[in-house]
Asker: 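To start, I am sharing the structure in question, which I have written as structure tokens.
Just so we're on the same page: letters track the sequence lines, and every chain starts at 1. Nothing here was measured: the structure is a model prediction, and the numbers come from that model.
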Amino acid sequence: MELICPAGTPAAFREAVEAGADAVYCGFRDETNARNFPGLNFSRPELKQAIAYAKARGVQTFVALNTFMRAGDEDIWYRGAADAVAAGADALILADFGLMAHVAEHYPEQRLHVSVQASASNPDAINFLVEAFNARRVVLPRTLTIADIARIARQIRCEVEVFVFGGLCVMAEGRCSLSSYATAKSPNMNGVCSPASHVRYVAEGHDLVSKLGDYTINRFPEGEAAGYPTLCKGRFDLASTHAYAFEDPVSLDVMNEIDALTQAGVTALKIEGRQRGKAYVAEAVSTLRKALSATPQERTRLLTRLEALSEGGKTTTGAYEKRWR
Amino acid sequence: MRMATLTLGPVYFLWDGPKWRDFYKKIAHEAPIARVVIGETICSKRNHFTAPYMEEVIVHLERAGKEVILSSPALVTLERESRLMRELIGEATRKVEANDLSALHLLAGKPHVIGPLVNVYNAATAKLLAARGAETICLPPELPFSSVEKIAAITGGADYEIFAFGRVPLAISARCAHARAKGAVKDNCRFVCGDEPDGLAVKTLDRQPFLTLNGVQTLSHSCQSLIGETADLTDAGIARFRLSPQDCDMSAVATLYRAVLDGAMEAGAAAERLEALYPAAPLSNGFHYAREGAAWIAKARTGQHQANS
């Protein structure tokens, strides 16, 4: 089982390699990847150095070019693909069919991975991408149960990678325009969701109100820790009751299901968090690396340590369990 | 240039069978609509509500001269849903609209239509889909006009459609927020989404209307309308304008759009009439102008755009 680890900076990249990653994924410092946040990501020389550093230690590098090409500006994405291939990337993680077609045609030897942003959630969808673009691996959307994953893995002709730890999209990935509805910036087009540029915290009496664009996303009474206003994890008014309409501010943790995922035919486990600091990456990667080879009891003890790292200190197994629906 | 036509998108909401049938009968007799996309798109659990009326409705629409396209599911995760998709496409005697990648696989080489829920953000993708048999591509509602005109400039493949009326489909999930809002879960939902034929309002804690739940789908609170932008869109090569059914007089909505397309009514006046026809939601067109989707950009007579979000 491979452990696929995030890196938003060269420093986090080195931490991930040292902590036991089998592969590190990262992106360029522009709108070609879905973590296009200020102060994050890699310049061309940084990527080249990072790949060399990883290769020398037997670790692979995957480069995410997983936003959708803006009409008229396709060259930005095509140049990203060319530079990632030239730098020696072991795989490109892609979401846009147009970009997949370009890579399959111009770099037929390059490993192509289907990004979670492509939203390939069933065997026919995945086999379409395998046949059309020779995709070698699919990162499955976080909409499936472990039983679904096992069934799908039997019917497809490529490897399966799944998210096991970190941020959790509630909506089918790559199919969500909630962010651009409120802020004009979306994951698909701009590589951002609920961008910091549109976030405000406003004191109202004893409450702290978090806003995204013109909309209140949450209200925290004195004493409650204020979270980041990610749109789908906000508190809303639904038929006059106040509740987290879509999902609580939680993050994903299915590491306790490693054995079931292995049996389901999963090749690689992915940790979310390119926006997190190097200390987080070091701690998450080293602990999950140990958990992979630990006994079940030992694993539970190791994973408890990670709870402090999670959003709001709370985790969920998300769609991997049927009851979540 | 060929005269632009109107397409009626699938009813995204859960309407009971007789309401659904009567809606389409009225469309057949009254609405200046060329093409009707029909069939459950959002939740595979709902199929039995409309299935008994499907054949009757299709016959009615076709006798009235409408072209009927069969919609297909937007999110396919279960084995049962994969099977339904294969049956739908395998047995279809009419063109099918794809809303998920699985349909693209199964429709390869057959003439078909691409719905607004498939990610087509550039000409490279549009060309690829056209080469596989797509004859019409309804572009994603999130696309700004600057992208629409570049994609629509590609000729010789598919024709292009734009999402011109209706609450905007913004997201879909494996989880049913609508059922959860009513204390149920997806697998035991008792079809509570049917209680709101125009969706369940999600307001902010300040009671500002924001989003709309429709089962596993999340739509905008506002109603996207590009009735003021039809001239620019037809000039750019858009051949079809999609009207997405809301719980209002859709025949009258279609008549308004037709009048504007024919130059028989001024767009500003038509927008005012539209607000009266569908008072449940404010109009928006922000996506078209690369603004937040909820914004409404009023087009002044001088041609200047004035922000009024």
Side-chain angles (χ1 to χ4, degrees), chain A residues 68-72 74 95-99 101-102 118-125 127-129 131-132 143-144 148 151 170-172 174-178 180-184 186 188-189 209 213-219 232 235-239 242-243 245-247 319 322-325, chain B residues 75-79 81-82 85-86 100-106 108 117 119 121-125 127-129 140-142 146-148 150-151 168 170-177 181 185-187 200-208 210-211 213 218 220 286-287 290-294 309:
Chain A
F68 292 82
M69 302 191 291
R70 184 168 55 251
E74 292 86 350
D96 184 304
F97 303 154
L99 185 56
H102 176 87
S119 209
S121 62
N122 55 69
D124 288 317
N127 285 331
F128 159 58
L129 300 171
E131 282 167 26
T143 53
L144 302 164
D148 290 333
R151 172 180 53 78
V170 183
M171 305 302 176
R175 311 186 71 177
C176 181
S177 307
L178 289 174
S180 52
Y181 181 67
T183 72
S186 75
N188 284 3
M189 292 197 299
V209 173
D214 292 337
Y215 302 96
T216 292
I217 303 300
N218 213 335
R219 175 183 285 273
C232 61
R235 213 155 13 190
F236 296 104
D237 179 308
L238 268 172
H242 293 179
F246 304 101
E247 174 60 291
K322 202 175 170 196
R323 285 171 304 176
W324 184 80
R325 291 172 186 157
Chain B
L75 184 65
V76 178
T77 59
L78 310 174
E79 177 65 17
E81 292 166 340
S82 282
M85 181 74 95
R86 289 175 199 145
D100 177 78
L101 275 60
S102 55
L104 297 183
H105 181 70
L106 300 165
L117 306 178
N119 286 332
Y121 282 87
N122 49 65
T125 299
K127 274 192 239 176
L128 182 99
L129 296 177
E142 182 185 62
S146 54
S147 289
V148 169
K150 290 190 188 84
I151 298 170
V168 188
L170 295 175
I172 193 158
S173 175
R175 177 177 246 199
C176 187
V185 294
K186 184 180 174 187
D187 290 329
L200 175 64
V202 179
K203 297 177 183 169
T204 68
L205 295 180
D206 309 324
R207 301 189 64 77
Q208 179 187 14
F210 185 20
L211 302 168
L213 298 182
T218 303
S220 62
F287 282 134
R291 289 273 308 271
E292 54 273 36
S309 61

Asker: Which bit of E247(A) comes within less than 4.5 Å of chain B, counting heavy atoms only: side chain, backbone, both or neither?
Answerer: both
Asker: R207(B), K150(B), E142(B): which one forms the most heavy-atom pairs within less than 4.5 Å of chain A?
Answerer: E142(B)
Asker: Which bit of A243(A) comes within less than 4.5 Å of chain B, counting heavy atoms only: side chain, backbone, both or neither?
Answerer: neither
Asker: Please state whether the side chain, the backbone, both or neither of L117(B) comes within less than 4.5 Å of a heavy atom of chain A.
Answerer: both
Asker: To the nearest 0.5 angstrom, please state how far the CD atom of E81(B) sits from the CG atom of D124(A).
Answerer: 12.5 Å
Asker: Output the distance between atom CZ (R175(B)) and atom CE (M171(A)), rounded to the nearest 0.5 Å.
Answerer: 10.0 Å
Asker: Chain B: which of A239(A), S186(A), A101(A), A120(A) shares the most heavy-atom pairs with it under 4.5 Å?
Answerer: S186(A)
Asker: Under 4.0 Å between a Lys/Arg side-chain N and an Asp/Glu carboxylate O for R323(A) and D187(B)?
Answerer: no
Asker: Against chain A, label I172(B) side chain, backbone, both or neither, depending on which of its atoms sit under 4.5 Å from a heavy atom there.
Answerer: both
Asker: Would you kindly say whether T125(B) and D96(A) are connected by a side-chain donor-acceptor distance under 3.5 Å?
Answerer: yes
Asker: Taking every heavy-atom pair that is under 4.5 Å apart, which of T216(A), T143(A), L144(A) has the most such pairs with chain B?
Answerer: T216(A)
Asker: Can you measure from OG (S180(A)) to CZ (R291(B)) and round to the nearest 0.5 angstrom?
Answerer: 13.0 Å
Asker: Where on S220(B) is there a heavy atom nearer than 4.5 Å to chain A: the side chain, the backbone, both, or neither?
Answerer: both
Asker: Side chain of N122(A), backbone of V76(B): donor and acceptor closer than 3.5 Å?
Answerer: yes
Asker: Which class fits the ring pair Y181(A) and F210(B): parallel under 30°, tilted 30 to 60°, perpendicular over 60°?
Answerer: parallel
Asker: Taking N122(B) for the side chain and M69(A) for the main chain, is one N or O donor matched with an acceptor at less than 3.5 Å?
Answerer: yes
Asker: Quick one: CZ on R70(A) to OG on S146(B), what's the gap to the nearest 0.5 Å?
Answerer: 8.0 Å
Asker: Taking side chain as everything from C-beta outward and backbone as N, CA, C, O, which of these in L78(B) sits under 4.5 Å from a heavy atom of chain A? Side chain, backbone, both or neither.
Answerer: both
Asker: What part of R151(A) gets within 4.5 angstrom of chain B, counting heavy atoms only: side chain, backbone, both, or neither?
Answerer: side chain
Asker: Checking L99(A) against chain B: side chain, backbone, both or neither under 4.5 Å from a heavy atom?
Answerer: neither
Asker: Let's test your reading of the structure: which of S177(A), G98(A), A319(A), C232(A) forms the most heavy-atom pairs below 4.5 Å with chain B?
Answerer: S177(A)
Asker: For R219(A) and D206(B), what are the C-alpha separation, side-chain angles and deciding distance, and is it a side chain to side chain contact (heavy atoms under 4.5 Å, CB included)?
Answerer: CA-CA 10 Å; R219(A) 175 183 285 273; D206(B) 309 324; 3.4 Å; yes
Asker: Would you find a donor on one side and an acceptor on the other, under 3.5 Å apart, between the side chain of S173(B) and the backbone of V170(A)?
Answerer: yes
Asker: For a quick test of reading the model, state the closest non-hydrogen atom pair linking A181(B) to L238(A) and the distance between them.
Answerer: CB-CD1, 3.7 Å
Asker: Does any heavy atom of chain B fall under 4.5 Å from the side chain of D148(A), the backbone, both, or neither of them?
Answerer: side chain
Asker: Measure the spacing between OG1 of T218(B) and CZ of F246(A) and express it to the nearest 0.5 Å.
Answerer: 4.0 Å
Asker: Checking side chain to side chain contact (heavy atoms under 4.5 Å, CB included) for the pair H242(A)/L205(B): CA distance, chi angles, key distance, verdict?
Answerer: CA-CA 7 Å; H242(A) 293 179; L205(B) 295 180; 3.6 Å; yes
Asker: Side chain to side chain contact (heavy atoms under 4.5 Å, CB included) with N119(B): which residues, sequence neighbours excluded?
Answerer: F68(A), N188(A), Y121(B)
Asker: Under 4.5 Å heavy-atom distance to chain B, tell me which part of T183(A) shows up: side chain, backbone, both or neither.
Answerer: backbone
Asker: Show the nearest heavy-atom pair for residues A171(B) and C176(A), with the distance to one decimal.
Answerer: CB-SG, 3.9 Å
Asker: If the condition is side chain to side chain contact (heavy atoms under 4.5 Å, CB included), which residues does C176(B) pass it with, not counting sequence neighbours?
Answerer: H178(B), A179(B), K186(B), V216(B)
Asker: If I take atom CG from residue L101(B) and atom CZ from residue F128(A), how far apart are they, to the nearest 0.5 angstrom?
Answerer: 6.0 Å
Asker: If you count heavy-atom pairs within less than 4.5 Å of chain A, which of V185(B), I151(B), L104(B) leads?
Answerer: L104(B)
